[in-house]
Peer 1: 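Shown below is the structure under consideration.
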Number of protein chains: 2
Amino acid sequence: MEMSGYLIATRKEVAEFAGVSEATVSRVMNGVGPMKEETRSKVLRAAEKLGYVPSALARSFARNRSGNLGVVLPYIPKARLFSSYYFSEMLSGIGSAVREQGYDLLLLFRSEQEPQEYESFFLAQKVDALIILGSRDEPGEREAIRKLKEARHPFLVVNQHFKGESFPEVDVDHVEGSRQAVTHLIQQGCSHIGFLNGPLTYSNSADRLSGYQKALAEGDLHLDSSYLFEGNFSRRSGYEAAEKMRELLPEMDGLFVSNDRMAIGVLQKFREWQIPEEKYPKIVAYDDSDAAEITVPPLSSVRVPFYEMGMIAANKLLQIGNDAELFRTWFDEPVRELLQAELIVRASSRGNTHVNN
Amino acid sequence: MEMSGYLIATRKEVAEFAGVSEATVSRVMNGVGPMKEETRSKVLRAAEKLGYVPSALARSFARNRSGNLGVVLPYIPKARLFSSYYFSEMLSGIGSAVREQGYDLLLLFRSEQEPQEYESFFLAQKVDALIILGSRDEPGEREAIRKLKEARHPFLVVNQHFKGESFPEVDVDHVEGSRQAVTHLIQQGCSHIGFLNGPLTYSNSADRLSGYQKALAEGDLHLDSSYLFEGNFSRRSGYEAAEKMRELLPEMDGLFVSNDRMAIGVLQKFREWQIPEEKYPKIVAYDDSDAAEITVPPLSSVRVPFYEMGMIAANKLLQIGNDAELFRTWFDEPVRELLQAELIVRASSRGNTHVNN
DNA sequence: TTGTAGGCGTTATCAT
DNA sequence: ATGATAACGCCTACAA
């Protein structure tokens, strides 16, 4: 059904009112082609008068372009997805780029049920380009993205790398970020460093593991697999992982955690156990979200430029719409932008100088 | 330019391939009208074979419906909008409703520069319905929303009330939420209760002020305007507002703050001043975001059902697309859904029993 | 500088 | 149960 109670002024009416042809109205509205200033203002006045706004729908249809940049998000019912710092920042960055380029931002929720399938967003012409967030390295996902590439749809994977493929990606050097984090812990005198990581289907988790290993090797420490823990990035999972650290704690003098939220869960558990702060392992977390500053002790954390990532990804992607040359090479030499992370040191990884609040 | 390197299968090709008319293809794809099972499967096979997906663009054009629910967000460059708990939760709620109803979610960023103007989203047919978030009671905004109503565009204002108008709204009873918060402080023995509020152009700020006043009156306390502070909901503004509380602190034994982030800023300042926790005023904040649990001391906070608000708003709004009767009355008896907030008590407002961590 | 007219891929109505 | 066809509102190549 028609969802509105009003009538929309059409180009035809404007043309009649202004006493020109419809084509002229189009030219004026789009500012193309030469035209007499008089005609122009006549048309604009008519449009103003009639409240005419060109239909984006019809325009898209005629141009065969939706004008939308799609962003695929993991759909997890009730998961309060946006609450996660990661997605929030990224979307803000994408939003700001999209806006400047005159596109609209269409949010697309990936379903956990149905098999992954991204191409139909293009086939249905819902989007002109697609940014894929929260991607995981799983067979279905790889396949779905491969299809996008084969069909040469403009897309970009963010914060995820698929080894062996060459997809256009904007990513962060999590290997180096993690290496720095763990090296810092070693420099602080730690020799038994635990690692609470996220699921390895995220390449950023795998990358962090590499960085961790690298730092240990460089510090002549050996990797003890009983020091490896896995969570799902939620606070709760950090809280639960801490349980498993219990018996190692006297030994474990350092801890690297893959995001702030899990680290906060760990801290909660430590506090519950009434471990004195001086006895906490030295901790470095990841993301450097707002929360890192306000925990007790404040968390050292690896800052990830999510906002910039989103902005860069969107800009790159939309750029190819205006640059035929870029489009030609987009898939042959896929973009692989690699941003740097930066370790921010706070009390959680320093000496026993925690403010005892 | 054409942004893709592939060709899209059209209905015509499917029709030819299947040896039927285009109309039949449409019927099959939309599952309308009677049809022989044989024809149906023939068409479906052809579609499958050719990789045909009906063009959402063309469909929207023909149906004169975009299939999009628009969500207006305040645009603040670099403001990391989504990081705010408020918007994050709301969008998650809207997203989940929209998805179920088969709509798409279009994000629209309000500009701070240009005068407010929402109607053109409808005139340009970018959206079939509109949810307005982060609205403020300012002349331009009122005017813009009035126009929506006059033209009978389906829209909904969320978490904001315009006194004297009757716009369709989904809101929270912030008067009652605040009254509870402050009454709780009074019950805890506080008699000099400060209030750090947000800008009064947000009706929820004004409502909180009413609740504060109400509670004071009920507790036979008088309102001292030197106990009123204003911030802009950011942590920094809380941090700065705390400065102004300095000299009142010995007296001020209670503090009500309009959101968690500002409260966190206040706590930071207190900690910087090295005020012992036992001497903090008893604090109740607002929103009950994730952060409230992890501060030291954990913040008592008024829980606001943002997620539900978003979901309810979107559901209500999309419902009117399927219900002519509802649409008819939508503007005559505008929805005014009023959800309840709930006080969550934590250590920050209890006796001197803070865990000294 | 402006007008004419064909086409875009559906939906929906009317025949058959 | 299916086919033919007129809209839908705009863009754009071409004609004038």
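Chain identifiers are assigned alphabetically (A, B, ...) following the order of the sequence lines, protein sequences preceding nucleic acid strands; residue numbering begins at 1 within each chain.
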Peer 1: Base, sugar-phosphate, or nothing: which does A/Val20 touch, judged by heavy atoms less than 4.0 Å apart?
Peer 2: sugar-phosphate
Peer 1: Quickly work out the B/Arg27 CZ to C/dA12 C1' distance and round it to whole Å.
Peer 2: 9 Å
Peer 1: Distance alone, cut at 3.5 Å: any donor-acceptor contact between the side chains of B/Asp137 and B/Gln160?
Peer 2: no
Peer 1: So with a 6.0 Å cut-off around CD of B/Glu37, is the heavy-atom count from everything else above 12?
Peer 2: yes
Peer 1: Taking CG from B/Leu57 and P from C/dC8, how many angstroms apart are they, rounded to a whole number?
Peer 2: 14 Å
Peer 1: What integer distance in Å separates A/Lys126:NZ from C/dG9:P?
Peer 2: 18 Å
Peer 1: In terms of side-chain heavy atoms, does B/Gln125 have a donor or acceptor partner in B/Asn64 at a distance below 3.5 Å?
Peer 2: yes
Peer 1: Fit a plane to each ring of B/Phe61 and A/Phe61, take the angle between them on a 0 to 90° scale, and name the class: parallel (under 30°), tilted (30 to 60°) or perpendicular (over 60°).
Peer 2: parallel
Peer 1: Using a 4.0 Å heavy-atom cut-off, does B/Thr39 contact any base of the nucleic acid, only the sugar-phosphate backbone, or nothing at all?
Peer 2: sugar-phosphate
Peer 1: Could you tell me how far apart B/Lys12 (NZ) and D/dT5 (C1') are, to the nearest whole angstrom?
Peer 2: 13 Å
Peer 1: State which of D/dG3, C/dG3, D/dC10 makes the closest approach to the side chain of A/Ser55.
Peer 2: D/dC10
Peer 1: With under 30° as parallel and over 60° as perpendicular, where do the rings of A/Phe155 and A/Phe167 fit, or are they tilted in between?
Peer 2: perpendicular
Peer 1: Nearest to the side chain of B/Phe61, heavy atoms from C-beta on, is which of C/dG9, D/dA4, C/dT10?
Peer 2: C/dG9
Peer 1: So if I take every side-chain heavy atom of B/Thr10 and compare against D/dA1, C/dG9, C/dT4, which nucleotide ends up nearest?
Peer 2: C/dG9
Peer 1: CE of B/Met29 versus C1' of C/dG9: gap in Å, rounded?
Peer 2: 13 Å
Peer 1: Once you apply a heavy-atom cut-off of 4.0 Å, does B/Thr24 come out as touching a base, just sugar-phosphate, or nothing?
Peer 2: sugar-phosphate
Peer 1: Students often get this wrong, so: under 4.0 angstrom with heavy atoms, is A/Arg11 touching a base, only sugar-phosphate, or nothing?
Peer 2: base
Peer 1: Strictly below 4.0 Å: does A/Arg59 bring a side-chain N or O up to OP1 or OP2 of D/dC11?
Peer 2: yes
Peer 1: From the list D/dC11, C/dG9, C/dT4, which nucleotide is the closest neighbour of the side chain of A/Ser26?
Peer 2: D/dC11
Peer 1: Select one nucleotide: of C/dG3, D/dG3, D/dC10, the one nearest the side-chain heavy atoms of A/Glu22.
Peer 2: D/dC10
Peer 1: For the side chain of B/Ala62, counting heavy atoms from C-beta on, which of C/dT10, D/dC10, C/dG3 is nearest?
Peer 2: C/dT10
Peer 1: Calculate the interatomic distance between B/Leu123 atom CG and D/dC10 atom C1'; express it in whole Å.
Peer 2: 16 Å
Peer 1: The side chain of B/Tyr52 lies closest to which of these nucleotides: C/dT13, C/dT10, C/dT1?
Peer 2: C/dT10
Peer 1: Rounded to whole Å, how long is the line connecting atom CG of A/Asn64 with atom P of D/dG9?
Peer 2: 19 Å
Peer 1: For A/Arg63 and D/dT12, what is the distance between atoms CZ and P respectively, to the nearest whole Å?
Peer 2: 6 Å
